[in-house]
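Since the structure comes first, as structure tokens, the remarks are kept for the end.
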Number of protein chains: 2
Amino acid sequence: MSADVAGAPKPLQPAVSPQAPEPPQVAEFPQAPKSLQGPKSPQAAQSAEALDALNRELPGRVVTDPAVLELLRVDRSGVVADGLPLALVEAESVADVQAVCRIASAFGVPVVTRGAGTGLAGGGAGGAGEIVLSTLRMNRILEVSAANQLAVVQPGILNGALNEELEGHGFWWAPDPASKHISTVGGNIATNAGGLLCAKYGVTREAVLGLKVVLIDGSLIDVGHRTVKGVTGLDLCALMVGSEGTLGVIVECTLKLRPLVPGVVPTIGAYFADVGSAARASAAVTASGIQPAIMELMDAGVLRAVSAYTGVDLASHGDSYLLIQTDGANAVAEAEGIVDVLRANGGTVGMTTDPQSALTLVDVRRQAYAAKEALGKVLVEDVSVPRDKLPAMFAKIDEVAARTGTTIVTVAHAGDGNLHPTFIYDRAEPVVPQAVWDAADELFTYAISIGGTLTGEHGVGLLKRQWLGEELGERQYELQRGIKRLFDPQGLLNPGKVFAK
Amino acid sequence: MSADVAGAPKPLQPAVSPQAPEPPQVAEFPQAPKSLQGPKSPQAAQSAEALDALNRELPGRVVTDPAVLELLRVDRSGVVADGLPLALVEAESVADVQAVCRIASAFGVPVVTRGAGTGLAGGGAGGAGEIVLSTLRMNRILEVSAANQLAVVQPGILNGALNEELEGHGFWWAPDPASKHISTVGGNIATNAGGLLCAKYGVTREAVLGLKVVLIDGSLIDVGHRTVKGVTGLDLCALMVGSEGTLGVIVECTLKLRPLVPGVVPTIGAYFADVGSAARASAAVTASGIQPAIMELMDAGVLRAVSAYTGVDLASHGDSYLLIQTDGANAVAEAEGIVDVLRANGGTVGMTTDPQSALTLVDVRRQAYAAKEALGKVLVEDVSVPRDKLPAMFAKIDEVAARTGTTIVTVAHAGDGNLHPTFIYDRAEPVVPQAVWDAADELFTYAISIGGTLTGEHGVGLLKRQWLGEELGERQYELQRGIKRLFDPQGLLNPGKVFAK
């Protein structure tokens with residue numbers, strides 16, 4: 001079975017996502033060079049010529065309205081790129097993307113690929129003189145094949161919109177970032193997005209079979225396979241996933257689908273006296289070998305923020321909360337096993353199999369980001385640690401917050417060890433205060449020291465590039481930069497992102 | 001929990017695996033350059049100096065016995081590399097591997113990394129003047145962590161031996177090549193091995209969290225993560241998986257484990273009147289959305305060969321056979337659903353939940369390779385196609401066999417679309433006959449034309465390098481070669497493998 005279920009192209013909604021409560025915060029990141037454009041800042045004359053060429057080759061798809069361009073300097077991270085982009089190009093086809101890349105190469109103008117602008121590391125922020133290449137109009141589903149359990153889609157389709165369509169075919173696409181209703185499939189792939197379901201259903205890389213990619217010289221390559229297996233040479237498809245727009249532009253995605261999971265989804269809520277107890281309980285669930293679909297941990301600060309924001313009272317019953325769901329044929333027995341583990345670890349546990357109550361609880365969790373933003377300006381961190389190190393990481397967060405006087409509230413994907421310690425600071429601050437960066441630096445360094453990583457799912461972008469070398473080591477950092485140079489010898493694709501130098 | 005369960009290093013058993021029924025067949029591959037060493041054939045003087053250095057730095061670990069070296073010219077593919085390797089080095093530590101790489105770089109001598117020599121594409125075959133670097137003595141389990149659902153192992157441990165040990169911890173490692181009892185974890189990773197379980201449990205790439213890799217200059221890098229999620233820069237861990245020894249030497253592997261799957265495993269055997277009917281039935285199972293653990297298809301030729309080899313009669317009941325297992329909490333209901341699909345597609349179906357009968361049937365399937373070898377000399381192909389194209393691929397195989405007069409028997413991992421059309425030819429032939437290669441070429445070209453690939457799980461090695469560019473396209477081929485050059489500027493790591501030029 002194969003069905004083209006494309007809708008009409010939708011108008012571009014740059015930078016500010018449909019559900020954004022307010023325009024993104026403006027903040028600068030520390031110790032970074034003033035220019036975010038990389039070494040090859042285009043000459044004004046070249047820029048003008050490039051703009052002429054874009055207008056000539058892509059009439060009606062080039063936007064230079066400063067009010068629009070201003071919105072493209074930011075994503076949801078709070079980082080703001082310097083200066084105004086040269087233009088926004090709203091690509092409608094592979095050929096459009098190829099034209100943009102050829103023009104960029106010819107005139108030495110940088111290209112920042114951008115989906116819905118929901119990134120949390122600044123990877124899609126357009127800087128001075130750069131072409132922002134939007135894939136939002138390339139939002140069609142080209143094929144759904146039940147027989148091969150795959151879909152072929154354009155990169156600009158929203159994850160949530162895709163999954164709504166797939167449901168009618170009896171399938172879903174597993175990547176599940178909290179932003180799924182407002183983030184694109186292309187963006188999910190470019191950042192190797194994580195989310196709530198990764199311990200059970202994998203990260204985005206494992207849900208991508210193949211990609212069509214436009215290189216900066218305008219050529220089109222086909223990486224990966226339409227088959228379950230395929231080992232012809234080096235795995236450039238996996239290399240593209242998570243490359244944050246530094247190697248090429250993803251223009252078509254062959255996605256691995258899963259049949260819908262039938263049956264009841266039990267939802268467990270468990271309160272604990274403190275965050276350390278909740279973290280130990282979540283580690284005990286993992287160690288029990290029972291695999292939850294979702295296991296989310298919220299500390300006291302997040303409970304209060306989410307309760308205030310959503311009106312659902314989570315804060316009055318305890319100082320920490322675990323939200324757990326199981327799914328599949330054995331879901332209820334698994335949930336009962338988890339309840340036992342939680343009670344043995346001091347939790348006050350409730351369970352429901354009512355779909356509406358369950359949905360409410362999960363949606364409450366998905367509002368955590370917006371709830372934190374309502375408290376002040378935010379810097380959301382994204383460390384990930386081995387799951388048995390969750391209690392240690394939470395203890396470190398508490399210790400750093402107390403010692404430095406910073407406000408940190410934390411939600412964690414406890415099922416996979418990914419924490420989002422979120423710094424809240426005063427709206428009057430023009431940029432992220434140095435004290436916040438210093439405290440964040442301590443968290444990064446500690447996470448790496450216990451076998452973790454400085455970013456589990458948000459990516460490096462602008463926000464974390466200064467720490468990348470520390471985690472990778474010099475030799476690997478050089479190899480990664482070498483691959484970047486190989487794909488993009490002029491350094492035009494998302495310059496200054498991921499790699500600082 | 002963390003346990004060191006290392007055994008004492010075992011003596012090396014080069015080239016001929018413990019269960020090999022006879023020494024590997026000798027055959028040459030067509031249209032390939034005479035020398036397999038790549039352009040940098042070392043001078044004799046350099047070779048002598050390199051050998052001196054190896055003996056000096058690695059006393060007791062360097063073997064130059066010509067009888068041993070002769071065995072290293074082959075793997076299980078039938079391809080024989082030209083000339084005798086310079087030496088075998090039996091590395092016992094990361095430092096040993098680093099020493100070999102430093103010496104190789106200093107004297108410009110090629111290095112072929114080799115595990116158990118069970119490869120089916122010639123990737124581990126040592127050619128004239130090359131150092132064969134064996135990781136078989138690096139066979140320890142360094143850690144099993146239930147809390148993090150991971151194991152850290154050295155590359156030389158056999159997949160089967162690892163899984164025996166993991167069973168006691170309540171876990172397993174999912175990669176499941178038919179060779180699992182005789183192939184190493186390092187080799188599984190270097191080839192991104194597939195196997196019987198991939199549609200449900202993924203390929204090897206998805207079961208590898210992190211790797212320690214020695215580069216050709218002797219430096220050690222750490223790629224991937226110990227965490228479920230991690231997106232720091234480009235995914236060099238995924239890039240290493242399946243790189244067939246061309247980028248570096250894998251010296252430590254952090255593996256993602258799965259809890260053992262509890263419960264009954266129903267096994268279904270279904271006979272069909274012809275291979276096309278069986279292929280259509282398997283495609284219908286996939287399209288039904290029920291996910292088997294194993295779904296194997298054997299044609300009439302394989303049925304006869306396996307029956308003769310194992311004494312288990314599969315051949316007298318039909319001209320094609322599907323072997324299917326389900327597992328997990330819903331296994332029996334899933335199996336019953338599959339039985340219905342098979343009957344609706346013309347199958348004569350039996351089902352058992354008796355573990356011993358089931359094991360016998362699966363083991364019978366695992367003997368298919370040896371059974372085919374008993375018929376004559378073999379050339380095993382490895383095309384993979386979208387699952388709805390299985391009937392078309394089988395029809396093409398029949399057509400090509402009939403028209404060219406070649407004998408082809410085929411077993412397929414029908415659950416994932418991976419077929420092994422196996423050419424049987426006369427033992428008196430010194431090399432693979434040109435008619436066989438011509439027929440194989442037709443199958444490769446056809447598989448690619450219907451959205452498939454020329455190798456699903458065996459890799460490119462020497463055997464398929466001449467077709468690689470055709471599948472990848474010129475631009476991607478150049479990028480892949482560029483990455484190879486970046487990692488290995490002198491072209492010393494497995495030269496001539498994967499990339500012909």
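We name chains A, B, ... by the order of the sequence lines, and we start the count at 1 in each one. The figures here come from the full heavy-atom set of this structure, side chains too, leaving out hydrogens, waters and symmetry mates.
At a 4.5 Å heavy-atom cutoff, the contact between A/L215 and chain B is made by side-chain atoms alone. Heavy atoms closer than 4.5 Å to chain B are found nowhere in A/I290, neither backbone nor side chain. For chain A, no part of B/V213 is nearby; none of its heavy atoms comes within less than 4.5 Å. No part of A/R485 comes within reach of chain B, as not one of its non-hydrogen atoms sits under 4.5 angstrom from that chain. Interface residue B/L486: backbone and side-chain heavy atoms are both found under 4.5 Å from chain A. Both the backbone and the side chain of B/E457 come within contact range of chain A, with heavy atoms under 4.5 Å apart. At a 4.5 Å heavy-atom cutoff, B/E474 makes no contact with chain A through either its backbone or its side chain. Using a 4.5 Å cut-off between heavy atoms, B/E206 touches chain A through backbone and side chain atoms alike. Only the side chain of A/L468 comes within contact range of chain B, with at least one heavy atom under 4.5 Å from a heavy atom of that chain. Contacts of B/S219 with chain A are made by side-chain atoms alone, with heavy-atom separations under 4.5 Å and no backbone atom involved.
Expressed to the nearest 0.5 Å, how far CG of A/N148 lies from OG1 of B/T286 amounts to 8.0 Å. Taking CD of A/Q480 as the start and CG of B/L236 as the end, the distance is 4.5 Å to the nearest 0.5 Å. The distance from the CZ atom of A/R258 to the CD atom of B/Q291 is 9.0 Å, given to the nearest 0.5 Å. From B/D222, atom CG reaches atom CG of A/L472 across 10.0 Å, with rounding to the nearest 0.5 Å. B/R475 CZ to A/I221 CD1: the interatomic distance, rounded to the nearest 0.5 Å, is 7.5 Å. The distance from atom NZ of B/K229 to atom NE2 of A/H413, rounded to the nearest 0.5 Å, is 4.0 Å.
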Check step by step if side chain to side chain contact (heavy atoms under 4.5 Å, CB included) holds for B/H225 and A/E471.
CA-CA 10 Å; B/H225 298 91; A/E471 180 170 330; 3.4 Å; yes
Go through B/I483 and A/L239 one step at a time and tell me if the side chain to side chain contact (heavy atoms under 4.5 Å, CB included) criterion holds.
CA-CA 11 Å; B/I483 292 173; A/L239 186 70; 4.1 Å; yes
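Contact check for A/D235 versus B/D235: no side-chain heavy atoms found under the 4.5 Å cut-off. By the 4.5 Å heavy-atom criterion applied to side chains, B/F499 and A/L234 are counted as neighbours. Within the 4.5 Å cutoff, no side-chain heavy atoms of A/N418 are placed close to those of B/V228.
In terms of the side chain to side chain contact (heavy atoms under 4.5 Å, CB included) criterion, residue partners of A/T455 (sequence neighbours excluded) are, by chain and number, A/D382, A/H458, A/V460, A/K464, B/V231, B/T232. In terms of the side chain to side chain contact (heavy atoms under 4.5 Å, CB included) criterion, residue partners of B/A121 (sequence neighbours excluded) are, by chain and number, B/L463.
Of all the listed residues (B/P259, B/G242, B/P386), the one sharing the greatest number of non-hydrogen pairs under 4.5 Å with chain A is B/P386. Annotation: maximal heavy-atom pairing with chain B below 4.5 Å, among A/G456, A/A238, A/G459, occurs at A/G456. Looking only at heavy-atom pairs under 4.5 Å with chain B, the residue among A/L479, A/V203, A/L454 that has the most is A/L479. Ranked by non-hydrogen atom pairs under 4.5 Å with chain B, the options A/C237, A/G230, A/G473, A/S243 are led by A/G230.
In terms of heavy-atom proximity, B/V498 sits nearest to A/G233 at CG1-CA, 4.1 Å.
Listed in order of number, the residues of residues 189-196 of chain A that approach chain B to under 4.5 Å between heavy atoms are A/T191, A/N192, A/G194, A/G195. Residue-level contacts of residues 328-335 of chain A with chain B, in order of numbering, are A/A329, A/N330; threshold 4.5 Å between heavy atoms.
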